[in-house]
Structures are given as structure tokens and as C-alpha cells.
There are 2 protein chains.
Amino acid sequence: MKIDPKNPADLSAQIAKAIRDAIMSGDLLVDERLPSEAELAEQFEVSRPTVREALKRLGAQSLIRTQRGATGGAFVNRLKFEDAYGQQITTSTLLLSMNDVSFATACEARYALERACAPLSAQRRTADHLATMRAEAHRQSQPGLTDEAFCASDVAFHRALVDAAGNPVLSYQLAGAVEAMQPLMNMITFSARSRERIVGLHSAIADAIELQDAAKADALLDDLARYTQELAQNVISDREAARAQS
Amino acid sequence: MKIDPKNPADLSAQIAKAIRDAIMSGDLLVDERLPSEAELAEQFEVSRPTVREALKRLGAQSLIRTQRGATGGAFVNRLKFEDAYGQQITTSTLLLSMNDVSFATACEARYALERACAPLSAQRRTADHLATMRAEAHRQSQPGLTDEAFCASDVAFHRALVDAAGNPVLSYQLAGAVEAMQPLMNMITFSARSRERIVGLHSAIADAIELQDAAKADALLDDLARYTQELAQNVISDREAARAQS
DNA sequence: AGACGTTTAATTGTCTGACAAATGAAAATT
DNA sequence: AATTTTCATTTGTCAGACAATTAAACGTCT
């Protein structure tokens, strides 16, 4: 973990890579303490600020945590699912917004992934998950709700559906897809009529999950996906019409 | 983008957050140049090393890129799917290895996600994707292959299957799940007999995708998932038996 | 005037040395 | 023995400096 070619640029990146590799290969174990910044500087034959830049890079990926004081230092961090959620959501959100990903593409991906969870969710759903889904469906039926609040509740509903699968890996993978969709969803204005239909589908999905009817849940998610696409298509058409008129 | 409470610790983290928020909110556009490190230091009323630590954090997330020279500086980076792949894979790999995620859980997630792609892949597969799948299946049938090479080819096969769906968001989400499985897959030693069966399933999957038979592909993936779980279970059982004996 | 080499200014990358703040352990005191 | 004080270690921050890189501005020659 100490090879640095004589390329005197990107030193901090090279050091970060060396330490990252050591962590990923198991050379450094969870909660193990790294040498102090001064020692690392000596080992790598660089200055302390350079070492610090490398450590900050690793900190940004939640690979290490630092603590001040006598027994402090940098420690290999046990990467938690909740830490990874945040990073995944940031990355996914930026990916969608910076690459001109169409609503259709993102929506297709989201519902494809959710439908992958549905059979497992139907099989393993607990009372907790069902209660959350029903509570969110009920909230969505309140009249005074803003579009943003409606979307947020929609995300919460689908999160509960995904979490019901009882597979943290799936929950993690889908967190990004579902949450990153929210900015795109916010462009849709939901009429009372469309809200009614969505809430109806949500309730039906909750019913199917409760009855452990995976095929029904799958079909309903397919309906919901189609309807969401339809709503988005209308928004896009309206905009183009308005632009043609002006 | 310049609020810093008088808390004189974690300054670089606060600055990184401020800039990150500015990027995510659209205040800073893609390819826009940030102020120079010296100007940022002045704006935030901190020293240049502190600013640099903040920039390194953002660089680690591929949110900015830096360039030296007269017209250089830090620029808001257009986050590419390929950049995000790498981060997702490191994060997913560490998540699995550091959280005692069982092979069964990871495997279940992986195949659930792949089965979500299958219908789309069947619908949109190109000659390229089919050729890759068949080439990898053929490679897997070579006798002299090491277990690692077999696994790597397995990953390539499934990557092609996922990419055939023609949805970059899906490809991105699944890259982590599929690649992060590889270290876990490597614990399995594949006998000639089990390889034969896997290759057979792979070929059959390629056939189903070529014929655009989504139901068949789904059923075959289910078979493959079950068989993989069975192989892993055997490895685990053998180990426990060996431990009990010693 | 145009092509080509040179200088120059701006910017990042790195280094040195220093001090402040936090923190736990050891030492001193009650 | 319990509590307080001191102290060493480590991270967090700062100031100033120099090297390396890069493109634009400038000058020179044809």
C-alpha cells in the first residue's frame, strides 16, 4: 500500500487509491485505525496537506471517519446502508438531470425495478409495511395536498413497497431510482381526477400485497406505470402545443 | 452558497456541502467554472488548503473536475454513467462485504433485478448484445478456464443481458448489483458438471432473448437463480461439515 | 501581413512550518 | 479513592512560498 510512481501530480489521488485498495482488498479491516497523518506523510514521502486531501476524498465516500484527540485518527468506516443511500440518491439525481434522461426512460426503469420487488414483497410483507402503505394512500386522498406533498407521499408509498421485500440490497438499489425520480415527477401537475385514479391503484396494490397476490400486484404496477407515462406525455404535449402557439 | 456558521470545525465539509447544493439546485450549471481556489478562500473566509480539501471531496464524487494552467480551475462536471458505475460498484462491494450480507440475499436481489430487465431485453435486443451473450457462453464452455475467469465471463454475460434492455438507468442500477456479487461468486468452485448446466442455461437464455420470448427468459433466469443458490448452499454445507469434523 | 517562437500571467499542485482545539491518559492533588 | 490538573497526541486550520502547467499576449522574423 505504498507505491507511488514518480509522477508528481495527482499525489493525493494516488494515495487515496492506495488506501482505498487496501480497504477493499481487506488489508485494512473495519474500525482499524490508519496511521496518523504525519506518519502517512512520512510513509508516502509527501507533505501532510497532501495526505489530508487524500483522506478527505475517502471521507467523502464514507470509507473512513476521523476523530480528533489523543486516541483519534482516521478509522476504516463500516459502510452502512443508510450512508450509501444518500450517496446513491445524489449520484442518481445528478445523472438524470445532467444527461437528458427522458421521463419515459427513468419511469420505465423505476417501475421495472419495483415490479421485480413485488413478488418478494407480497410474500414477506409485514403489518408495518402494509400500515405505511395504507397511511400514505390515505394521505394522498386528502384534498388540500400540494403537488410536491403528493409526490413525496408517493415516494414514501413506493419505498414501503420496496422495503416490504425484506431485502436490504434491493432497498438500497431502488432508493436511488425512486428518489431520483422525484424532481422529474414534480413537473407533473396532478388533477383531482388523476389523483383519484392513482390513489385507487395504490390502495389496490396494498390489497394485493396483503393478500399475497403477486400476479395482481404486478399487473397493477404495470397499470400505474402506464398511467404515469400517460400523464407525463400529456404534460409534454401541452407544453409543445403552447410553444407552437406562441 | 456562502453560509458558514461560526463553528470552526468541519469547515471543508461545510464548504463542500454549500457547493454541492449549488450544483444540485442548478445554481451552478454543467461546465461552469467555479471561482479560483484563492477567490473561494476569500469568499468563504477560510484558507486555501481548507478550500482545497472541500474541492477534493467534490472531486471524489465526480461532481467537479480540475484543470491546471491559465484558463484552468474547477469546473462542474457532467456526471457520466460510466463515472457513476465505478462509484456504485465500489460502494456496493463494500456494503456487501462489510455488512455480513448473505449470499442468498445478494443473489436474490441480483436475479430479481435481472428478471426485471428480461422483458425489455427480449423486446429490444440487438445483434450486438446477442453476439456478446453467445460469445461469453462459448467462452464459459472452454475446459481450461479458471474459476475466476468463469465468473468474470458470467458477469459479462449478464451485463450484456441487462444492457440489451436499452435503458441506461437500468444498466447503471444493475451494474452495482451484478459486479458487487463477483467476490461472493468467487467463493464457489464450479465443477465441470455445474459449469455445463450453467452454460446450458445461458445458451437457452440467449435463445429466448433472440426469439423475444420474455416468459421463457424469465423462467430460465428463475432456474439459474435457484441453481446458483443451490451451489452456494452446497459450499456452505461442505464447510460446516468440515468444521464439525475438525 | 502572417507564421512562429517567447514571455507572461493565472491557476492548480505541493511543501514547510506553525498554532488552535479536542481528547484521552497519566500525574498530581485532595 | 476520587477528583482535578497536566500533558502528549492527533486532527483542523492557517499563512506564505515555490513548482508545474497552460493558454493567451507579445514580439520577431520571413
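Residue numbering restarts at 1 for every chain, and letters A, B, ... go by the order of the sequence lines. The structure displayed is predicted, hence computed values, not measured ones.
- Using a 4.0 Å cut-off, some side-chain N or O of A/Thr50 falls inside it from OP1 or OP2 of C/dC15.
- Between the side chains of A/Thr105 and B/Asn167, not a single donor N or O lies within less than 3.5 Å of an accepting N or O.
- When distances run from any side-chain atom of A/Arg68 to the nucleotides D/dT22, C/dG13, C/dA21, the shortest one goes to C/dA21.
- Side-chain atoms of B/Arg48 and base atoms of C/dG13 include a donor and an acceptor less than 3.5 Å apart.
- In this structure, the nucleotide among D/dC14, C/dT14, C/dA10 sitting nearest to the side chain of B/Leu11 is D/dC14.
- Counting only heavy atoms from C-beta on, B/Gln67 has its side chain closest to D/dA23 among D/dA23, C/dG24, D/dT11.
- As a whole-Å value, the separation of B/Asp10 CG from D/dC14 P is 13 Å.
- For A/Glu53 and D/dT13, the CD to P distance is 13 Å, given to the nearest whole Å.
- At whole-Å resolution of the value, NZ in B/Lys56 and P in C/dG13 are 4 Å apart.
- Ranking D/dA23, D/dT10, C/dC15 by closeness to the A/Pro49 side chain, first place goes to C/dC15.
- One atom, CZ of A/Arg65, and another, C1' of D/dT10, lie 15 Å apart when rounded to the nearest Å.
- Between the P atom of D/dT10 and the CG atom of A/Leu40 lies a distance of 11 Å, rounded to the nearest Å.
- Counting heavy atoms from C-beta on, the side chains of A/Ser121 and A/His129 never come closer than 4.5 Å.
- Of the two residues near DNA chain C, A/Ala70 and A/Ala13, the one whose nearest nucleotide lies more 5' is A/Ala13.
- Across all strands, B/Arg33 comes closer than 4.0 Å only to sugar-phosphate atoms, never to a base (heavy-atom distances).
- Straight-line distance from the CZ atom of B/Phe44 to the C1' atom of D/dT13: 16 Å, rounded to whole Å.
- Formation of a donor-acceptor pair under 3.5 Å by the A/Gln229 side chain with backbone atoms of A/Ala104 is found in this model.
- Annotation for A/Gln67: atom CD counts as buried by contact number, over 12 foreign heavy atoms lying within 6.0 Å.
- In this structure, CD of A/Glu37 is placed 15 Å from C1' of C/dC19, rounded to the nearest angstrom.
- In terms of heavy atoms, A/Cys151 sits closest to A/Gln182 at C-NE2, 3.9 Å.
- For C/dC15, one of the phosphate oxygens OP1 or OP2 lies less than 4.0 angstrom from a side-chain nitrogen or oxygen of A/Ser47.
- Between A/Thr66 and D/dG12 there is a side-chain polar atom (N or O) within less than 4.0 angstrom of OP1 or OP2.
- A straight line from CG of B/Leu55 to C1' of C/dT11 spans 12 Å, rounded to a whole angstrom.
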